[in-house]
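One structure below.
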Amino acid sequence: MLYRYGAFVARRARLLLVLSGLLLVGAAVLGAGAFGQLRNGGFDDPDSPSSRAEQIIESQFGGRLNLVLMVTPRAGTVDDPAVQADGVALTEALAAEPYVSEVVSYFTSAAPVLRSEGGTDALVLARVEGDDTEIQDRAEAIIERYSGEHGTVSVLAGGQLGINHDVTGAVTRSLALAEAIAVPLTLLLLVVAFGSVVSALLPLAVGGVAILGTFAELAILGSITDVSVFSINLTTALGLGLGIDYALFLVNRFREQLAAGDTVAEAVARTVATAGRTVIFTAVAVMAALAALLVFPQYFLRSFGYAGIGVVAIAALGALVLLPALLAVLGHRVNAGRVRLPGRRGSAADRRGRLQGAPSPFWGRLAGRVMRRPGLIGLPVVALLLLAASPLLGVTFGIPDQNVLRDTTASRQVADALASRFGGNADTPIEIVTTGPAGPTGVAEFARTLSQLPDVAHVTSSAGTYVDGTALPGSADPSLATARAQRFTVVTAVPADSGAAQDLVRTIRGLPGPDDTGFLVTGASAALVDTKQSIADRLPLAVGLVLLTTIVVLFLFTGSVVQAFRAILLNGLSLSGTLGILTWIFQEGNLASVLGFTPRPMDVSMTVLLFCIAFGLSMDYEVFVLSRIKELHDAGRPTGQAVPDGLARSGRIVSTAAGLLAVTFFAFGTSSVSFLQMFGLGAGLAILIDATLVRGVLVPASMRLLGRIAWWSPAPLRRVHARVALEEA
């Protein structure tokens, strides 16, 4: 079927190119609106206790304060008359802003908790109303208007909205920088790999189609459901990378068929029937891994599932429709624009071999040596990966906060000042809201109990502000009580993502409520506890789906269940090593001075995302290598010969594709946001480990140790595989 389809593409190439061009223009027009449809946030489970508490606070108390302005006198203290006058003016101007529903200021309340030690800073807290997208736009305008110099004071913006503003800006700049680095460098490396300008441009064409098509998909989905703006990062990196992967494999096979004497039409048909089949299977394997993200309730993770499935599918379509049509039109001109690089070694025959997709002697010799001594060479690699994975024994997890930003960022400086000079983390408090009414006595007793818990700086309630069990005079706040609920704010003396803060949340949840009413706990620490629990609850299902679909896809591809389990074992080993190295870097702080980040717990959502993406890309290269090994094995060669010869034919393509894809991910290492650095470095590292140590050493070693059993399946499954008839043409 694929051979007949390839022959059809060769006959109707120009018509398909015209139709593809029209669809591409439509996708570009539709995709241009994607950015306006995407949203910030999405890290929390909407059905968790912390999210339900947020809903009660929103409905009963008008929501939480989400913007912090830290006011610092240019001279003197915050109590100087001139500073007071400018502070009052700033407070009144902020309160008059549209969509600002609540303002709490030291300059109008003289509340001690809003004044730093020594009077060097004061706080103005506000609530900006709206949904995720509206708040982002409104906060951006307010932050730009109020940040900077105002008479005798300087103002820095922080809090939830300040952090979101700085993270969004940093991610946008990082994405632009990453693309500026990755695209020209990728083109240069493609020219080096192919030795031809025309061949080098074809993978970029497929990658561009994948990116524009996925932008159109996200624009449509964004109008229907919540989609995270961060999915754009995955779309650009994965679209460019997979477009290059698939195009490399197809173009190399096409050039190989031309060199074997096929006509252009025959070469296109055979390329689609062989390499095209491999692309279909690898695309299904990658999509299956990314589809596991859809089981999580956080739309941040689901969005990467939407984007990942879309970009893989569109990249595969581009590789199977647009690319064969381009190859049919170009024919032998696919090698046009040959480039001889200065200092590049190799004879004319070597250069012709690269242009014609000839086997790589290096990869064949490497596989042959490994298969002669599988234990001697393979076991040290296994030990090395296990050593790399060892930091996972002490891994801890967190969610994004101000510490993902550089310490020179405004919102990070505000958060650091709140923790060091205001006696607690006032911008990330633990919030408590009752689910029913409570009397003054019960409220006072509950607030007093909360204030006496370890690591609590102070507690505010309708009955007063309590410090170590004592109420501050005149601190009662009636706005924290309604006829249906009571609200408590617990300011802690420990970081919101620390184990102590999470233990405090669990302790509070175990207390009896005021007047025996129920209550819910929210805030950054509570959200972290709930997010970790939510992901842990669904992780077995997600991993199970990944493993099951991998087994099915590889069985259908090879006819062997042993190959499926071997691939899962090796991929899990390489992925564990990658995550261990990331833990050593980003949690333990090694290379922090080089990369410019603050050590912090591993981001729980990014770790799950990285697992799915890295596992999917590992399957990508697994299928690429197995396709040539199986092709030779089915032609009658024994495993001991099929593996080295198969790696000789696929090793250079896999290593080249991995290197190019790693470049697109490593470019994110230049980001000023640490979770984006972690994602980029982790994905790039996983790809390189898989393409070198796993494909070059562990695959040949395991195939040699397995011997004939490597291709085994039970008789009933062999009959199923024969009936499905998915053998290569």
Side-chain angles (χ1 to χ4, degrees), residues 189 192-195 245 248-249 251-253 255-257 259-260 274-275 278 341 343-385 558 563 566-567 570-571 573-574 577 618 620-662 687-708 710-711:
L189 294 175
V192 172
F194 277 123
D245 273 8
L248 273 172
F249 203 61
V251 171
N252 187 73
R253 190 61 184 247
R255 288 162 36 151
E256 187 179 323
Q257 296 300 145
T274 53
T278 302
L341 298 174
R344 176 125 185 201
R345 293 185 173 184
S347 65
D350 293 333
R351 290 192 295 273
R352 284 196 302 273
R354 285 193 294 271
L355 288 170
Q356 295 169 358
S360 167
F362 168 79
W363 288 99
R365 286 195 301 267
L366 174 62
R369 289 187 183 126
V370 171
M371 295 194 77
R372 285 193 295 272
R373 299 178 179 84
L376 183 63
I377 300 176
L379 286 178
V381 173
V382 172
L384 178 63
L385 291 176
T558 64
Q563 292 291 351
R566 177 197 58 76
L570 296 186
N571 290 352
L573 181 62
S574 67
S618 295
D620 186 41
Y621 298 128
E622 178 72 38
V623 173
F624 278 174
V625 170
L626 267 181
S627 68
R628 300 311 294 260
I629 295 175
K630 185 177 184 299
E631 180 182 345
L632 296 170
H633 182 266
D634 291 347
R637 299 190 193 185
T639 300
Q641 185 180 354
V643 173
D645 290 352
L647 269 172
R649 293 175 181 270
S650 60
R652 180 160 56 197
I653 294 301
V654 167
S655 60
T656 300
L660 292 168
L661 183 53
I687 291 165
L688 293 183
I689 290 175
D690 187 84
T692 54
L693 296 180
V694 175
R695 303 301 144 216
V697 177
L698 295 185
V699 166
S702 60
M703 294 287 277
R704 174 67 179 83
L705 293 172
L706 289 170
R708 295 181 60 184
W711 304 101

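Note that the numbering runs from 1 along the sequence shown for the chain. On a predicted model such as this, the values are computed, not experimentally measured, just so you know.
Here the closest non-hydrogen pair linking Ala658 and Ala691 is CB-CB, 3.3 Å. Val694 and Ser574 get closest at one heavy-atom pair: CG2-CB, 3.6 Å. Listed here is the closest heavy atom pair of Leu632 and Gly646: CD1-N, 3.4 Å. Residues Pro700 and Val370 share a closest heavy-atom pair of CB-CG1, 3.9 Å.
Every residue meeting the ring pair (Phe, Tyr, Trp, His ring centres under 6.0 Å) condition with Phe249, not counting sequence neighbours, appears here in chain and number order: Phe624. Among residues two or more places apart in sequence or in another chain, the salt bridge (Lys or Arg N to Asp or Glu O under 4.0 Å) test is passed with Arg704 by none. Under the rule for a salt bridge (Lys or Arg N to Asp or Glu O under 4.0 Å), the partners of Asp690 that lie at least two apart in sequence or sit in another chain are Arg695.
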Next on the checklist: Evaluate Tyr621 against Leu661 for side-chain contact (heavy atoms from CB on, under 4.5 Å), listing each step before the verdict.
Outcome noted: CA-CA 12 Å; Tyr621 298 128; Leu661 183 53; 3.5 Å; yes

Next on the checklist: Applying side-chain contact (heavy atoms from CB on, under 4.5 Å) to Val654 and Arg628, what does each step give before you reach the verdict?
Outcome noted: CA-CA 12 Å; Val654 167; Arg628 300 311 294 260; over 6 Å; no

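The side-chain heavy atoms of Val625 and Trp363, taken from C-beta on, include no pair separated by under 4.5 Å. Side-chain contact check for Leu647 versus Met703: every heavy-atom pair is 4.5 Å or farther apart. Looking at heavy atoms from C-beta onward, Thr639 lies out of side-chain contact with Arg708 at the 4.5 angstrom threshold. Side-chain contact between Ile377 and Val697 is present, with heavy atoms from C-beta onward closer than 4.5 Å.
Separating the CE atom in Met371 from the CG atom in Leu705 is a distance of 9.0 Å, to the nearest 0.5 Å. The OG1 atom of Thr274 sits 3.5 Å away from the CZ atom of Arg253 when rounded to the nearest 0.5 Å. Here Asn571 contributes atom CG and Ile689 contributes atom CD1; the two are 12.0 Å apart, rounded to the nearest 0.5 Å. We find the CD1-CG distance between Ile687 and Asp245 to be 8.0 Å, quoted to the nearest 0.5 Å. Within the model, atoms CG of Leu385 and CG of Leu698 stand 6.5 Å from one another, a figure rounded to the nearest 0.5 Å. Distance OG/Ser650 to CD1/Ile629: 6.0 Å, rounded to 0.5 Å.
Between the side chain of Gln563 and the main chain of Trp711, no donor-acceptor pair closer than 3.5 Å is present.
Using a cut-off of 4.0 Å between Lys/Arg side-chain N and Asp/Glu carboxylate O, Arg652 and Glu256 are scored as not salt-bridged.
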